[in-house]
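A short worksheet on the structure shown next.
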Amino acid sequence: MDKNTKKLSIYKSFSNSEKYSIKWSNYFQVYEKILSNYRNKKIKFVEIGVANGGSLFMWRKYFGKKAKIIGIDLNPNAKKLEKNGFKIYIGNQSDRKFWDHFYKKEGKVDIILDDGGHKNLQQISTVHYSLPYIKDGGKIIVEDTGTSYVKKEFNNPSKYSFINYAKNVVDNIHRRSPLLKKELSFYSKKIFLVEFFESIVVFSIDSKKCFENKEVANKAHNEWAIDYRHNDYFGNLKSKLDRKYGLLNKRSFFRKIIRKIFYRNFIFNLLDNIKIKKIFRDLNN
Ligand SMILES: C[S@@+](CC[C@H](N)C(=O)[O-])C[C@H]1O[C@@H](n2cnc3c(N)ncnc32)[C@H](O)[C@@H]1O
C-alpha cells in the first residue's frame, strides 16, 4: 500500500476494522474524495454486500456514531451482525420487490454503496430501484465496475454491461441541454453528476440542480466578435475577407453564403473525422 493511502482516515478505519474485509487499493482515495463531507453527520448509509461485516465496521468508524449503518446481503448469515448494532436486511439486490420492501421500511437514505454480486443486472437494479429513494445531496456508489469488461462469470463486455448503462445515464443527464430537444427523463431530473473512477462509478443526486438548461448572457451581445469555431481549415481566408471587405458582419448576405460553404461542408467534417479517428486509435492503444 502506498504511503499516501496509509495516511487516509478511511484506510485507518479499514485497517482497524474488527472483522475481515478485502478492498481494491485505489478505493480508499476515492472514498476519501467522495465521502469525507458526510463524516460525523446524521446520515443513513447502506452497503449491499455484508460478507463478514468488515466493511460495516469500517464505515461505522469512518462516519462516526451519528450515522446509521445498514447492510444488505442475500446470505441469511449476515443477520448475525445485528448483535453488533448494524441493521441488516436479507434480500436479493436484483429483485424489485426486495427494494420496494426495503425502502418502505427505511424511507429515503443518503448513500447507498453496492459491493454485492457485481453482475450487470445486480448493479443496474441497485441504481434503478434506489434512485427515487436517495435524498438530495446523496449518492449511489457502485464498486467493482471493472466486471463490465470481464467474460468469466460476468458475461461482458456486453451492450448491457453496467458501464454501458452508466454511459447511458451520461446521455440522459445531457437531456437537460436544450440542444438535444428531448424531454427530461426521471434520471435527468435526479442525477446531477456522474463520476467514473477505475472500478467505481458514483451518481450524485440533487434534483434541485437538475433544471432544464438555458443560455444566459451577462451583457448585450458584442456585435464585432465573430466566432472562429469553424475557421480551422480556411480560417485565414475568411478573416482576410472579413477584415478587408467587412463582409462577415452579423446580418450580411456574404456571411450567410460563406457559412454555407465553410461550415456545413461535409469535406470539413470528413477531415475532422480522419483526425479524430487517429486520436481514438491512440487513446485505445
Ligand atoms: C464482496 S462481498 C462483500 C464484502 C464486504 N462489503 C466487505 O468489504 O467486507 C459480496 C457480498 O455480496 C453478497 N451478494 C451477492 N449477490 C447478492 C445479491 N444478489 N443480493 C444481495 N447480496 C448479494 C454476497 O453474499 C457477499 O456476501
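For ligands, and for the atoms within them, numbers begin at 1 and follow the listed sequence. The shown structure was predicted, so the numbers you read here are calculated from the model rather than taken from an experiment.
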Problem - Non-hydrogen atom of Gly91 closer than 4.0 Å to ligand 1 - result: yes
among protein heavy atoms, the one nearest atom 4 (C) of ligand 1 is Asp115 OD2, 3.4 Å
Gly53 versus ligand 1: do any nitrogen or oxygen atoms come within less than 3.5 Å of each other? no
Common cluster, Ile141/Val30, ILVMFWY with side-chain heavy-atom separation under 4.5 Å: yes
Contact check: Gln122 vs ligand 1, nitrogen or oxygen atoms, below 3.5 angstrom
yes
In short, Leu131 meets Ile191 closest at the heavy-atom pair CD1-CG1, 3.7 Å
Any N or O on Leu74 sitting closer than 3.5 Å to an N or O of ligand 1?
yes
**Asked** Purely on distance, is any nitrogen or oxygen of Ala51 under 3.5 Å from one on ligand 1?
**Response** yes
Note: ligand 1 atoms sitting under 4.0 Å from heavy atoms of Lys23 are 8 (O)
In Ile140, Ile111, Val46, the residue satisfying side chain to side chain contact (heavy atoms under 4.5 Å, CB included) with Ile134 is Ile140
When distances are taken from atom 9 (O) of ligand 1, the protein heavy atom at minimum range is Ser21 OG, 3.1 Å
query = Are side-chain N/O atoms of Asn155 and Asn120 paired as donor and acceptor at under 3.5 Å?
reply = no
Within the 4.0 Å heavy-atom cut-off, what Val50 brings close to ligand 1 is backbone
Checklist entry - Do any nitrogen or oxygen atoms of Asn75 come within less than 3.5 Å of a nitrogen or oxygen of ligand 1? => result no
Geometry only, no angles: is Ser55 polar-contacting ligand 1 at N/O separations under 3.5 Å? yes
*asked:* Tell me whether Asn52 reaches ligand 1 (any heavy atom closer than 4.0 angstrom to a ligand atom).
replied: no
| message | Do the side chains of Asp282 and Lys278 get close enough for a salt bridge, i.e. N-O under 4.0 angstrom? | response | yes
When distances are taken from atom 20 (N) of ligand 1, the protein heavy atom at minimum range is Gln93 N, 3.0 Å
Hits for salt bridge (charged side-chain N to carboxylate O under 4.0 Å, His left out) against Lys275, two or more places apart or cross-chain, chain-then-number order -> none
Is the shortest distance from a Lys or Arg side-chain nitrogen in Glu18 or Lys61 to a carboxylate oxygen in the other one below 4.0 Å?
yes
- Item | Phe197 ring center within less than 6.0 Å of Tyr27 ring center | no
Sequence neighbours excluded, the answer for side chain to side chain donor-acceptor pair (under 3.5 Å) partners of Glu143 is Lys23, Tyr31
When distances are taken from atom 19 (N) of ligand 1, the protein heavy atom at minimum range is Asn92 OD1, 2.9 Å
The single option from Lys135, Lys68, Lys87 that satisfies salt bridge (Lys or Arg N to Asp or Glu O under 4.0 Å) with Glu106 is Lys68
The protein heavy atom nearest to atom 25 (O) of ligand 1 is Asp73 OD1, 2.6 Å
